[in-house]
Number of protein chains: 2
Amino acid sequence: MSTKTYRIEEVSNITGLTKRAIRYYEDLNLISPQRTESSYRLYTDEDIEKIKRIVSLKESLAFSLAEIKQTLELDQEVENILSAEMAELATLNNYIEMIKSQIKLIGEKVDKLKATGERFEDLLSRLSCLEEKVRKEDVR
Amino acid sequence: MSTKTYRIEEVSNITGLTKRAIRYYEDLNLISPQRTESSYRLYTDEDIEKIKRIVSLKESLAFSLAEIKQTLELDQEVENILSAEMAELATLNNYIEMIKSQIKLIGEKVDKLKATGERFEDLLSRLSCLEEKVRKEDVR
DNA sequence: CTCTAGCTTAACATTAACGTCAAGGTTAAT
DNA sequence: ATTAACCTTGACGTTAATGTTAAGCTAGAG
């Protein structure tokens, strides 16, 4: 068994979270790394996996109001262009790129959410199996 | 044209937002309802549609850290049950229901995100048409 | 006309999720 | 043994997105 452990800075680099955020998650009892005698936090690969799951769930956070505003504005601007049926080529291509990146972003969020959903689908089917089994034994 | 207007409380009931939130969105320039002479806010059906879009985008917000924690805990508890391969029927069915509701919730968020995505897909294809058209005219 | 319910702005409060010091202990290389 | 580069725990600051309270107009029912 690989018993390698990591200190917080390394974990920060691996997960993309700040050290502050990682400690904060510990305050919230999302994670509970071991400690050295001098109370340095030591993270295992398991801890890191858990943190990665947290990050994935967090990243599927969709929109702050500021982002919603931008989204609606982009929408509106494009609608204006479309109804005017004219614009410079450069402008058009600009907007096309912006919309493409929006679509990509949304797609990524959808994927992450779906991954979480599938995880639960899996748990559900396994639980259902167990339930059936237990039910039969109870009858017996 | 239906010129019906609504006062803020009505809008609150229709959209499920608090009056405070609705006013706050106005501060952020997400909406700009008309005003009566005595500066009462008057919302049109269009305003309400816009607010509904905002709500939809907001609801696709996936998880706060508190929710993430619950999600991970549920996951863990189910894993424990599964690995122990035993539990009372009532307990099992409880967890099955909890997981089902998680799955449903995630499905709803995915749907809302997808709706937003499709909206942009539509804009993109219309923009691309226009771009092509403009490009041809430019060449001419 | 009056009263109540609803509207307004303004201002301060709160919660989540961190950022940013500060003061001091630890580790490891030189 | 020293020093730089880590780590620790506070504690206070910040931003977004509201909640709450207050003080004072307004609209509509009776």
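Naming convention: chains lettered A, B, ... in sequence-line order (proteins, then strands); numbering from 1 in each chain.
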Colleague: Would you mind reading off the distance between B/Y43 atom OH and C/dC7 atom C1', rounded to a whole angstrom?
Modeller: 11 Å

Colleague: In whole Å, what is the span from the CZ atom of B/R7 to the P atom of D/dG28?
Modeller: 6 Å

Colleague: What's the CG-C1' distance between B/N13 and C/dA5, to the nearest Å?
Modeller: 14 Å

Colleague: Under a 3.5 Å distance rule, please check whether A/S56 uses its side chain to pair with a backbone N or O of A/K52 as donor and acceptor.
Modeller: no

Colleague: CD1 of A/I68 versus P of D/dA16: gap in Å, rounded?
Modeller: 14 Å

Colleague: In this structure, how many angstroms lie between the P atom of C/dT8 and the CG atom of B/L42, rounded?
Modeller: 9 Å

Colleague: Any donor and acceptor pair, going by atom type alone, linking the side chain of B/S39 with main-chain N or O of B/R35 inside 3.5 Å?
Modeller: no

Colleague: Measure from OH on B/Y6 to P on C/dC7 and round the result to the nearest Å.
Modeller: 15 Å

Colleague: Closest nucleotide of DNA chain C for B/K19 versus for B/L65: which of these residues is on the 5' side?
Modeller: B/K19

Colleague: Would you tell me if any nitrogen or oxygen in the side chain of A/Y25 comes within less than 4.0 Å of OP1 or OP2 on C/dC18?
Modeller: yes

Colleague: Out of D/dA17, D/dC6, C/dT9, which nucleotide sits closest to the side chain of B/L28?
Modeller: D/dA17

Colleague: Side chain of B/S38, heavy atoms from C-beta onward: which of D/dA27, D/dT8, C/dT8 has the nearest atom to it?
Modeller: D/dA27

Colleague: Do A/R20 side-chain and C/dT20 base share a donor-acceptor contact under 3.5 Å?
Modeller: yes

Colleague: How many whole angstroms separate atom CD of B/E26 from atom P of C/dT9?
Modeller: 7 Å

Colleague: Counting side-chain heavy atoms from CB outward, which of C/dA17, D/dA17, C/dC7 is closest to B/E9?
Modeller: C/dC7

Colleague: Looking at A/S12 and A/L17, would you say the former's side chain and the latter's main chain have a donor-acceptor pair under 3.5 Å?
Modeller: yes

Colleague: Inspect the surroundings of CD in B/Q34 and state if more than 12 heavy atoms from other residues, nucleotides or ligands are less than 6.0 Å away.
Modeller: no

Colleague: Over how many whole Å does the gap from B/I8 atom CD1 to C/dT9 atom C1' extend?
Modeller: 12 Å

Colleague: Of the candidate nucleotides D/dT9, C/dT8, C/dC18, which contains the atom at the shortest distance from the side chain of A/A21?
Modeller: C/dC18

Colleague: Would you tell me if any nitrogen or oxygen in the side chain of B/R23 comes within less than 4.0 Å of OP1 or OP2 on C/dT8?
Modeller: yes

Colleague: At less than 4.0 Å, is any side-chain N or O atom of A/T18 found next to OP1 or OP2 of C/dG19? Yes or no.
Modeller: yes

Colleague: Taking for each residue the nucleotide of DNA chain D bearing the nearest heavy atom, is the 5' side occupied by A/Y40 or by A/A66?
Modeller: A/Y40

Colleague: For B/E108, is there any backbone N or O sitting under 3.5 Å from a side-chain donor or acceptor partner on B/D111?
Modeller: no

Colleague: Ignoring backbone atoms, test whether B/R35 places a side-chain nitrogen or oxygen under 4.0 Å from the OP1 or OP2 oxygen of C/dT9.
Modeller: yes

Colleague: Starting at the 5' end of DNA chain C, which residue's closest nucleotide do you reach first, A/L17 or B/E10?
Modeller: B/E10

